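Nothing fancy with the numbering, it's 1 onward along the sequence. Predicted model only: the values in this text are computed from it and were never measured. Indexing begins at 1, ligand by ligand and atom by atom, following the structure's order.
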Amino acid sequence: STAAVESTARVADLAMRRATLLHRAPLAIELGEALEQGQLRLHYQPVYSMETGALVAVEALLRWQHPTRGMLPPAEFLDVAEGPQLITPIGDWVLETAADQSARWQRDLGERAPRMWVNVSCEQFGRHHLVGLFKQLLEEHQLRPGSLGIEVTERQLARRMDDVESDLNDLRDLQVPTAVDDFGTGYASLDYLRRFTFDEIKIDRSFVAGLPAPVNTAIISSIIALGTSLGMSVVAEGVETPHQYDLLKALGCGFSQGYLFHRPAPADALSALLRG
Ligand code: C2E
Ligand code: MG
Ligand code: MG
Ligand code: MG
């Protein structure tokens with residue numbers, strides 16, 4: 001009967017959730033220890049102006065220098081950090097580290113210091129925590145207005161748009177630049193733009209990877225037109241080939257980021273590049 005099938009499906013679903021939790025629990029404990037023991041790292045990936053070729057910004061990307069498994073990307077561990085207990089302290093560490101690095105580059109390079117972008121999870125919004133931390137960091141490090149920005153993915157916006165929106169408005173008062181990340185892959189891409197005017201759109205790299213197929217070209221050129229008419233900067237992510245670069249430039253994309261130019265790298269490597 002239908003009821004029997006549903007009940008079997010429910011049991012299977014529970015078993016799967018239990019297996020996932022059992023797998024996640026040890027990793028979550030290990031990740032908490034990793035934070036305390038200083039095993040987290042930030043790598044930085046440059047963003048370039050397509051008009052001038054200048055390096056204008058860097059994006060901070062989280063890594064875990066795992067004692068036995070090597071350098072792990074976020075896909076290997078960030079999921080287990082979801083939920084406020086872990087993502088809040090990790091997110092705080094990311095912001096503090098990025099702000100500190102940004103201040104160093106400002107001291108070394110003055111006006112030529114790149115803007116720093118940091119990815120944040122929706123769990124970090126609300127409760128006045130994120131806004132308070134930004135205030136503190138901007139003041140403590142005497143960061144130039146606009147030099148530390150945040151990226152939020154559409155997936156994260158979908159989860160808690162109300163809290164996010166109210167914090168984004170407060171962050172705007174602090175002149176913190178905002179970007180909507182992985183644009184075009186969410187469930188309500190256009191609705192987010194209606195509710196909050198971000199400073200920047202980052203075109204999801206799946207569209208760039210899909211070039212030169214006509215559908216991807218059409219989507220990218222629509223996003224560029226939309227962003228431009230709303231006064232937003234448009235960044236293409238995941239640019240890997242000169243051909244993709246040429247197409248994006250021809251479509252009028254403002255900025256680009258990808259392995260073609262530079263992979264994410266530790267601060268030292270970036271410092272050398274920035275000193276040029
Ligand atoms: P994202 O913010 O969209 O970052 C871009 C991702 O694309 C990075 O992966 C980057 O290494 C990768 N990438 C850059 N250029 C290329 C390219 O040319 N080709 C390809 N195939 N990939 C490229 P990564 O570092 O593994 O990060 C994955 C995601 O994890 C990020 O996507 C972001 O959503 C999240 N993330 C990273 N750091 C943090 C963090 O500190 N906090 C939070 N909450 N999320 C983070
Ligand atoms: Mg990002
Ligand atoms: Mg992205
Ligand atoms: Mg990126």
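Ligand 1 has no atom lying under 4.0 Å from any heavy atom of Gln156. Ligand 1 lies less than 4.0 angstrom from a heavy atom belonging to Glu59.
Within a 6.0 Å radius of CD in Glu165, other residues, nucleotides and ligands contribute more than 12 heavy atoms. Heavy-atom neighbours of Glu139 CD from other residues, nucleotides or ligands within 6.0 Å: at or below the threshold of 12.
The N, O or S atom of Glu237 with the smallest distance to the Mg ion (ligand 3) is OE1. In Glu59, the N, O or S atom that comes nearest to the Mg ion (ligand 2) is OE2.
Both Val120 and Leu171 belong to a common hydrophobic cluster when Ile, Leu, Val, Met, Phe, Trp and Tyr are linked at side-chain heavy-atom distances under 4.5 angstrom. Hydrophobic clustering places Leu193 together with Ile203 (ILVMFWY residues linked when any side-chain heavy atoms are closer than 4.5 Å, directly or through intermediates). There is no path of hydrophobic side-chain contacts, each under 4.5 Å, that joins Leu260 to Val56. Linking ILVMFWY side-chain heavy atoms closer than 4.5 Å, directly or via other members, places Ile90 and Met71 in two distinct hydrophobic clusters.
Remark: ligand 1 atoms within the under-4.0 Å shell around heavy atoms of Glu237 are 3 (O), 5 (C). Below 4.0 Å from some heavy atom of Ser121 lie the following atoms of ligand 1, by number and element: 44 (N). With ligand atoms numbered from 1 in the order given, ligand 1 contributes 11 (O) to contacts under 4.0 Å with heavy atoms of Pro264. In the vicinity of Val94, heavy-atom distances shorter than 4.0 Å reach the ligand 1 atoms 41 (O). Here is the list of ligand 1 atoms found below 4.0 Å of a heavy atom in Asp182: 3 (O). Close approach to Gln45 involves these atoms of ligand 1, each under 4.0 Å from a residue heavy atom: 14 (C), 15 (N). Those atoms of ligand 1 with a heavy atom of Asp181 less than 4.0 angstrom away are 1 (P), 2 (O), 3 (O). Of all atoms in ligand 1, listed by their number and element, those nearer than 4.0 Å to a heavy atom of Val120 are 44 (N).
When the options Ile150, Asp181, Leu230, Thr178 are evaluated for a side-chain contact (heavy atoms from CB on, under 4.5 Å) with Phe198, the one that passes is Thr178.
Rounded to the nearest 0.5 angstrom, Glu237 CD and Arg205 CZ are separated by 7.5 Å.
Residue pairs meeting the ring-ring contact (aromatic ring centres under 6.0 Å, His included) criterion with at least one partner in residues 204-245, sequence neighbours excluded, are Tyr245-Phe261.
Arg69 has no carboxylate O lying under 4.0 Å from a charged side-chain N of Glu30, or vice versa, which leaves the two without a salt bridge.
Any N or O atom pair closer than 3.5 Å counts here, and Gln257 shares no such pair with ligand 1. Among the atoms of Leu62, some N or O lies under 3.5 angstrom from an N or O of ligand 1. Ligand 1 has no N or O atom lying under 3.5 Å from any N or O atom of Thr153, backbone or side chain. Considering both main-chain and side-chain atoms, Glu240 comes within under 3.5 Å of ligand 1 through a nitrogen or oxygen pair.
Comparing Phe261, Trp117, Tyr259 against atom 16 (C) of ligand 1, the shortest heavy-atom distance belongs to Tyr259. For atom 37 (C) of ligand 1, the nearest non-hydrogen atom from the set Ala209, Pro74, Gly258 comes from Pro74.
Angle OD2(Asp181) to the Mg ion (ligand 2) to OE1(Glu151): 90° [nearest 10 degrees].
A cation-pi contact, defined as under 6.0 Å to the ring centre and within 45° of the axis, links Arg263 to Tyr259.
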Let me see the working for Arg195 and Asp162 under salt bridge (Lys or Arg N to Asp or Glu O under 4.0 Å), right down to the final yes or no. CA-CA 10 Å; Arg195 292 184 61 177; Asp162 290 333; 2.7 Å; yes
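When heavy-atom distances to ligand 1 are checked against a 4.0 Å cut-off, His43 has no atom that comes that close, whether in backbone or side chain. Of all the heavy atoms of Val239, the ones lying under 4.0 Å from any atom of ligand 1 belong exclusively to the backbone.
Note on Asn119: counted as a metal contact of the Mg ion (ligand 2), an N/O/S atom lying under 2.8 Å. Within the 2.8 Å limit, Asp182 places at least one N, O or S atom next to the Mg ion (ligand 3).
Applying the salt bridge (Lys or Arg N to Asp or Glu O under 4.0 Å) criterion to Arg275, with sequence neighbours excluded, gives no partner residue.
Side-chain atoms of Gln124 come within 3.5 Å of backbone N or O of Ser121 as a donor-acceptor pair.
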